[in-house]
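As the structure is a prediction and not an experimental result, all values here were calculated from the model.
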Amino acid sequence: MGNIEKLLKIMEALRHPEDGCPWDKEQTFSTIAPYTIEESYEVADAIHRNDIEELKYELGDLLFQVVFHSQMAKEQDHFDFNDVVEAVCEKMERRHPHVFSNGKADIKIDSAEEQTKAWEQLKAIEKLAKGGSQISSVLDGVSMKMPAMSRAVKLQKKAANVGFDWPDHIGVIEKIKEELDEVIVEIDNNNRKKLNDEIGDILFVIANLARKFNIDPESAVTSTNAKFERRFRGIEDELNKSSIDFESADLELLDRLWNKIKQAEKEGG
């Protein structure tokens with residue numbers, strides 16, 4: 001028995017009506033969905049930390065989620081795991097005619113950008129073939145469940161594919177300055193509703209700047225979160241060494257400790 005067959009048998013046993021696990025038996029697509037999302041984040045976290053050994057286990061957990069959903073679908077006579085595999089294989093070959101056409105298609109794609117555009121064009125053609133409306137938005141297909149910054153980049157990429165984009169990062173930087181001025185205006189006006197909108201606007205444009213340099217804003221913020229946490233914990237350690245609590249420490253001391261830790265990091269300390 002191959003490993004994937006073994007995993008499918010394990011999942012089937014966990015869901016067995018009489019002998020299965022009580023927790024696994026009562027799950028549904030809706031109750032499992034949050035775990036699927038969580039496992040995706042844990043895969044991303046292992047990649048971010050460059051922990052290859054951990055990545056192996058997290059990918060296994062994510063694969064188990066696919067198997068779990070497939071088993072529930074099989075029980076309801078919708079599809080099974082093999083149908084999932086067959087569907088994605090067929091889609092990958094269809095969406096990459098320049099790779100899998102065996103010379104039958106006169107298609108040449110030389111860059112990732114060209115492939116992205118071709119992918120979106122093929123998706124639109126497939127949608128029409130399935131009976132989709134010809135009157136559709138370029139922005140269709142961007143999940144509302146994505147993290148906000150990642151969704152911003154996805155929307156921007158789709159718009160850029162039809163030419164709605166700054167030619168370079170200079171225009172984006174100018175837009176950030178413009179949006180920052182508008183944030184300052186609403187702070188002065190003490191208008192929380194408009195301030196919320198303007199802060200949203202500036203974050204959206206910052207996501208666009210990240211996109212211009214092929215930087216994932218979610219990963220960038222994740223790195224900054226980790227850096228802040230590391231340095232803040234360093235401040236706590238310094239205070240503990242001096243038997244000083246936060247209530248007794250003024251901002252000047254805290255700032256000095258922050259800069260000390262920051263400098264030590266730069267020097268490799």
Side-chain angles (χ1 to χ4, degrees), residues 23 33-65 145-153 169 172-173 175-177 179-269:
W23 186 89
Y35 295 99
T36 308
I37 296 170
E38 180 181 342
E39 295 299 349
S40 298
Y41 278 118
E42 291 182 359
V43 166
D45 180 61
I47 293 171
H48 176 76
R49 292 184 285 104
N50 195 31
D51 190 334
I52 302 303
E53 184 66 17
E54 184 67 17
L55 177 60
K56 176 180 68 176
Y57 291 104
E58 296 302 345
L59 286 172
D61 290 344
L62 186 57
L63 175 60
F64 185 74
Q65 292 296 308
K145 296 294 185 180
M146 293 177 69
M149 293 294 276
S150 295
R151 188 166 191 271
V153 170
H169 68 281
V172 185
I173 291 174
K175 187 64 175 176
I176 290 174
K177 294 176 181 177
E179 296 295 348
L180 181 58
D181 287 341
E182 293 177 4
V183 166
I184 294 170
V185 168
E186 299 311 331
I187 290 175
D188 291 339
N189 291 339
N190 196 28
N191 188 325
R192 291 192 61 82
K193 170 62 174 65
K194 288 187 176 180
L195 179 59
N196 180 85
D197 294 342
E198 297 300 344
I199 289 177
D201 288 347
I202 198 170
L203 289 172
F204 188 84
V205 185
I206 287 172
N208 214 336
L209 181 63
R211 179 182 66 86
K212 283 293 185 182
F213 291 96
N214 293 318
I215 292 172
D216 173 29
E218 290 289 336
S219 296
V221 174
T222 297
S223 296
T224 298
N225 287 344
K227 180 169 60 179
F228 176 84
E229 183 176 7
R230 184 176 66 248
R231 291 177 180 176
F232 190 86
R233 290 180 185 276
I235 290 175
E236 290 178 319
D237 290 341
E238 291 291 334
L239 291 177
N240 287 334
K241 290 175 185 176
S242 303
S243 300
I244 301 174
D245 55 30
F246 269 100
E247 289 73 16
S248 304
D250 58 21
L251 185 56
E252 181 180 354
L253 171 60
L254 297 177
D255 190 52
R256 187 165 65 250
L257 292 175
W258 176 275
N259 289 329
K260 174 184 175 182
I261 294 163
K262 180 178 177 180
Q263 185 61 35
E265 287 183 356
K266 287 183 178 181
E267 296 172 355

Enumerate donor-acceptor pairs with a distance under 3.5 Å from any side-chain N or O in residues 43-50 to protein atoms, sequence neighbours excluded.
residue, atom, partner, partner atom, Å
D45, OD2, R49, NE, 2.8
D45, OD2, R49, NH2, 3.1
R49, NH1, D51, OD2, 3.4

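In this structure, CZ on R233 lies 6.5 Å from CD on E236, to the nearest 0.5 angstrom. With values rounded to the nearest 0.5 angstrom, K262 atom NZ is found 12.0 Å from R230 atom CZ. Atom OH of Y41 and atom CG of L62 lie 13.0 Å apart (nearest 0.5 Å). Rounded to the nearest 0.5 Å, atoms CZ (F204) and NZ (K175) are 11.0 Å apart.
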Report the C-alpha separation of Y35 and D61 in whole Å, then their side-chain angles, then the decisive distance to 0.1 Å, and conclude whether the side chain to side chain contact (heavy atoms under 4.5 Å, CB included) test is met.
-> CA-CA 10 Å; Y35 295 99; D61 290 344; over 6 Å; no
Check the pair N208, I176 against side chain to side chain contact (heavy atoms under 4.5 Å, CB included), reporting the backbone distance first and the verdict last.
-> CA-CA 10 Å; N208 214 336; I176 290 174; over 6 Å; no
Would you please test E238 and I235 for side chain to side chain contact (heavy atoms under 4.5 Å, CB included) and show each step?
-> CA-CA 5 Å; E238 291 291 334; I235 290 175; 5.7 Å; no
Take R231 and E265, measure what salt bridge (charged side-chain N to carboxylate O under 4.0 Å, His left out) needs, and give me the verdict at the end.
-> CA-CA 9 Å; R231 291 177 180 176; E265 287 183 356; 2.9 Å; yes
Are L63 and L59 close enough, and set up right, to give a side chain to side chain contact (heavy atoms under 4.5 Å, CB included), and what steps lead you there?
-> CA-CA 6 Å; L63 175 60; L59 286 172; over 6 Å; no
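In this structure the side chain of V153 reaches within 4.5 angstrom of the side chain of P217, judged on heavy atoms. Side-chain atoms of L239 and L253, non-hydrogen and from C-beta on, do get closer than 4.5 Å to each other. Looking only at side-chain heavy atoms (C-beta outward), V205 and L209 stay at 4.5 Å or farther from each other.
For L203, the side-chain contact (heavy atoms from CB on, under 4.5 Å) partners are M149, I199, not counting sequence neighbours. In this view, N191 and E186, N189, K193, K194 satisfy the side-chain contact (heavy atoms from CB on, under 4.5 Å) rule, not counting sequence neighbours.
When every heavy atom of E218 is checked against every heavy atom of A148, the shortest pair comes out as OE2-N, 4.3 Å. Taking each heavy atom of I261 and G234 in turn, the nearest pair found is CD1-C, 3.2 Å.
No side-chain donor-acceptor contact under 3.5 Å links N196 to the backbone of R192. Looking only at distances, no side-chain donor or acceptor of E179 sits under 3.5 Å from a matching main-chain atom of I202.
Using modelled atom types, one finds a donor on one side chain and an acceptor on the other under 3.5 Å when comparing D245 with S248.
In this structure, F228 and W258 have tilted ring planes: the angle between them lies in the 30° to 60° band.
Heavy atoms from other residues, nucleotides or ligands lying under 6.0 Å from NZ of K260 number 12 at most.
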